[in-house]
2 protein chains.
Amino acid sequence: MLEDHLFRPDAVRLLEFLRTHLGGRGTMIQIGGAMEIVYHGRAASTADAGDYLLLLKPDASLQVHAARGIKPLNWQPRIDALDLHLDDGRVALTAERRSPLEIVRATVLEPAFVLALTPRDEGGFVLQGSEAQLRNLLAKRPELIEEGLELLDVELPTGVGGVDLYARDAEGRLVVVELKRGRATHEAVHQLQRYVGRVRDETGGTVRGILAAPEITAPARTRLTELGLEFREVTATPDEAAVDLEQPGLFD
Amino acid sequence: MLEDHLFRPDAVRLLEFLRTHLGGRGTMIQIGGAMEIVYHGRAASTADAGDYLLLLKPDASLQVHAARGIKPLNWQPRIDALDLHLDDGRVALTAERRSPLEIVRATVLEPAFVLALTPRDEGGFVLQGSEAQLRNLLAKRPELIEEGLELLDVELPTGVGGVDLYARDAEGRLVVVELKRGRATHEAVHQLQRYVGRVRDETGGTVRGILAAPEITAPARTRLTELGLEFREVTATPDEAAVDLEQPGLFD
DNA sequence: GTTTCGATATCGGTT
DNA sequence: AACCGATGTCGAAAC
């Protein structure tokens, strides 16, 4: 994985190292040390001289990490052009992106190390517990929401967004179900309200709205009740979704 | 910044390295090499053996990066407990978080390198062009939205969220302004609709609703018009916000 | 390409 | 601690 490295290189050697390794397909470059970072695009930012980690991945994404936080200080999801040059005896790395037009420029003041990595293709990655999985589970077992519920559609487009689950209850009334994999907030309540209103307008009949989530915030619960909508607790544990996945299914 | 390192260490030496350096305040650890990653918490995931970069920052955040993407494969914004032990001749690093209870475990199959970094405190970081800055600018210069607009309040709470700008127009009508720093979507339209409805209910008078953003999506524009609401283009360029910042201001 | 929506969202502010 | 809203959100799927 570690292809090459330099410790405390001078600017010329760093530049040479970068030019050598940046061409390689599948090569990942990491620079650690004192830098200044400038970003200009959808917004703009400047980071004064400080120690940062700059990571350039094989997919042409770039991120600059400081000592804190999951999120990088600056980043670029995809770089279209990369320029390297010496600027006043320092390596300046300018990453440009079109659409939107943005640049991130790192001026390397004092490089502590630079690594050239060639990670092998990553293995499989499986995530359990997404809202999509919960939706598939409930689509197959609508009785987990309410006994007698008959599924009509999944992800039904309404013009104001897609209805997660569209169904008919035991008494023949239409039911709109909005799902959340985590704690539902008042935003989810308003989302449900929009869907219910739209379906009412389109069908002219009685339409129930159910917010199905493992939890709901107190203010959201209040607002939900005011609007005549309902809440159903559905446990979205990864385990249950996994159990579901073990069975061959129609929607997986 | 680079305090210590090992290349291709065996498990015992890696474990010793980690135990030595993890205690240090302000120390950042990076492990690169073949690993397996397991996550269990709000969701659950497994990553098969592959080459990853594991980054443990001084703020007790952890992230594992694969060869693609800005976002880590697995992460933990804050670790409450870290366990290191040898498992079948391999270093297993288990990071636990309470509230919510979650774990990320990395089993290091073949470490390529490990670094101990002590980044100096980062320098200043300034971001220009946030919605908050746009709001401050427009609060000081409401005429940029409409001539004759008189500001009444900023971030006025309404029970369904805060109104970005609350004002009165030249003809004495109340105006609710919803701001977006980027392209406004139908969510912004519905947000504005909620605010306008709430203010109408509370005041009983005529209330105008203005969505102020640099752009608006076509569907959002259609819905906005249907609802009798208005759009005003406001350029949220970092440059203009920066110009504003150069003047000492009330809201900065 | 645009739009939409989920996310282990993260992050910061306020209550 | 819960709640709320912005984010340079990112990223993927649907159209």
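Note on naming: letters A, B, ... go to the chains in the order of the sequence lines (proteins, then strands), and numbering restarts at 1 for each one. All values below were derived from every heavy atom in this structure, side-chain atoms included, with hydrogens, water molecules and symmetry-related copies excluded. The shown structure was predicted, so the numbers you read here are calculated from the model rather than taken from an experiment.
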**Report entry** A:Glu155 CD to C:dT3 C1', straight-line distance once rounded to whole Å
**Finding:** 14 Å
Report task. Look at the side chain of B:Gln133 and the backbone N and O of B:Gly129, then say whether any donor-acceptor pair between them is shorter than 3.5 Å. Result -> yes
Report task. Return the value, rounded to whole Å, for the distance between atom CD of A:Gln133 and atom C1' of C:dG6. Result -> 13 Å
Query raised in the report: Of the options B:Leu82, B:Thr107, B:Val104, which is the one that meets B:Leu93 in a side chain to side chain contact (heavy atoms under 4.5 Å, CB included)?
Result: B:Leu82
Query raised in the report: What residues, two or more places apart in sequence or in another chain, satisfy side chain to side chain donor-acceptor pair (under 3.5 Å) together with A:Gln30?
Result: B:Gln30
Query raised in the report: Counting only side-chain N and O atoms of B:Arg78, is one of them less than 4.0 Å from OP1 or OP2 of C:dT10?
Result: no
Requested in this report: Nearest whole angstrom, please: distance from the P of C:dT8 to the CD1 of B:Ile79.
Outcome: 18 Å
**Report entry** Pairs involving residues 70-79 of chain B, ordered by first then second residue, that meet side-chain hydrogen bond (donor to acceptor under 3.5 Å, both in side chains) (sequence neighbours left out)
**Finding:** B:Ser45-B:Asn74, B:Gln76-B:Arg97
Heteroatom pairs (N/O) under 3.5 angstrom, protein to nucleotides 13-15 of chain C:
none

Query raised in the report: Counting N and O atoms only, with roles assigned by atom type, does the side chain of A:Arg181 sit under 3.5 Å from a partner on the main chain of B:Arg42, one being a donor and the other an acceptor?
Result: yes
Query raised in the report: Taking the C1' atom of each, how far is D:dC10 from D:dA6, in whole Å?
Result: 14 Å
Report summary line: Between NE2 of A:His65 and P of C:dC11 the distance, given in whole Å, is 11 Å
Query raised in the report: Rounded to the nearest Å, what distance is computed from the CZ atom of residue A:Arg194 to the P atom of nucleotide C:dT4?
Result: 10 Å
Query raised in the report: Among all residues two or more places apart in sequence or in another chain, which pass the side chain to side chain donor-acceptor pair (under 3.5 Å) test with A:Arg68?
Result: none
Report summary line: Sorted by chain and number, sequence neighbours left out, side chain to side chain donor-acceptor pair (under 3.5 Å) with A:Ser61 holds for A:Asp59
Query raised in the report: What's the CG-C1' distance between A:Asn136 and C:dG6, to the nearest Å?
Result: 14 Å
Query raised in the report: Atom CG of B:Leu62 and atom C1' of C:dT10: how far apart are they, to the nearest Å?
Result: 15 Å
Requested in this report: Tell me what A:Ala218 touches on the nucleic acid: a base, only sugar-phosphate, or nothing, going by heavy atoms under 4.0 Å.
Outcome: sugar-phosphate
Query - Same-atom distance (C1') from D:dA14 to C:dT8, integer angstrom - result: 24 Å
Query raised in the report: Is the distance from OP1 or OP2 of D:dG5 to the nearest side-chain N or O of A:His186 less than 4.0 Å?
Result: yes
Report task. Determine yes or no for a side-chain-to-main-chain donor-acceptor pair under 3.5 angstrom, with A:Glu215 supplying the side chain and A:Gly182 the backbone. Result -> no
Requested in this report: Report the C-alpha separation of B:Arg223 and B:Glu226 in whole Å, then their side-chain angles, then the decisive distance to 0.1 Å, and conclude whether the salt bridge (charged side-chain N to carboxylate O under 4.0 Å, His left out) test is met.
Outcome: CA-CA 5 Å; B:Arg223 209 152 304 139; B:Glu226 286 170 0; 5.0 Å; no
Query raised in the report: Is the shortest side-chain N/O distance from A:Thr217 to OP1 or OP2 of D:dC4 below 4.0 Å?
Result: yes
Query - Sugar-phosphate, base or nothing in reach of B:Pro219, heavy atoms under 4.0 Å - result: sugar-phosphate
Requested in this report: Can you tell me the distance, in whole Å, between the CD1 atom of A:Ile216 and the P atom of D:dC4?
Outcome: 10 Å
Query raised in the report: What distance, rounded to whole Å, do you find between the two C1' atoms, one in C:dG6 and one in C:dT10?
Result: 14 Å
Report task. Verify, without hydrogens or angle tests, whether B:Lys180 (side chain) and B:Glu131 (backbone) share a donor-acceptor contact under 3.5 angstrom. Result -> no
Requested in this report: Taking atom C1' in both D:dG8 and C:dT14, compute the distance separating them and give it to the nearest angstrom.
Outcome: 24 Å
Report summary line: Expected string for nucleotides 6-15 of chain D under the B/S/- scheme (protein heavy atoms, under 4.0 Å, primed atoms plus P, OP1, OP2 as sugar-phosphate) is SBBSBS----
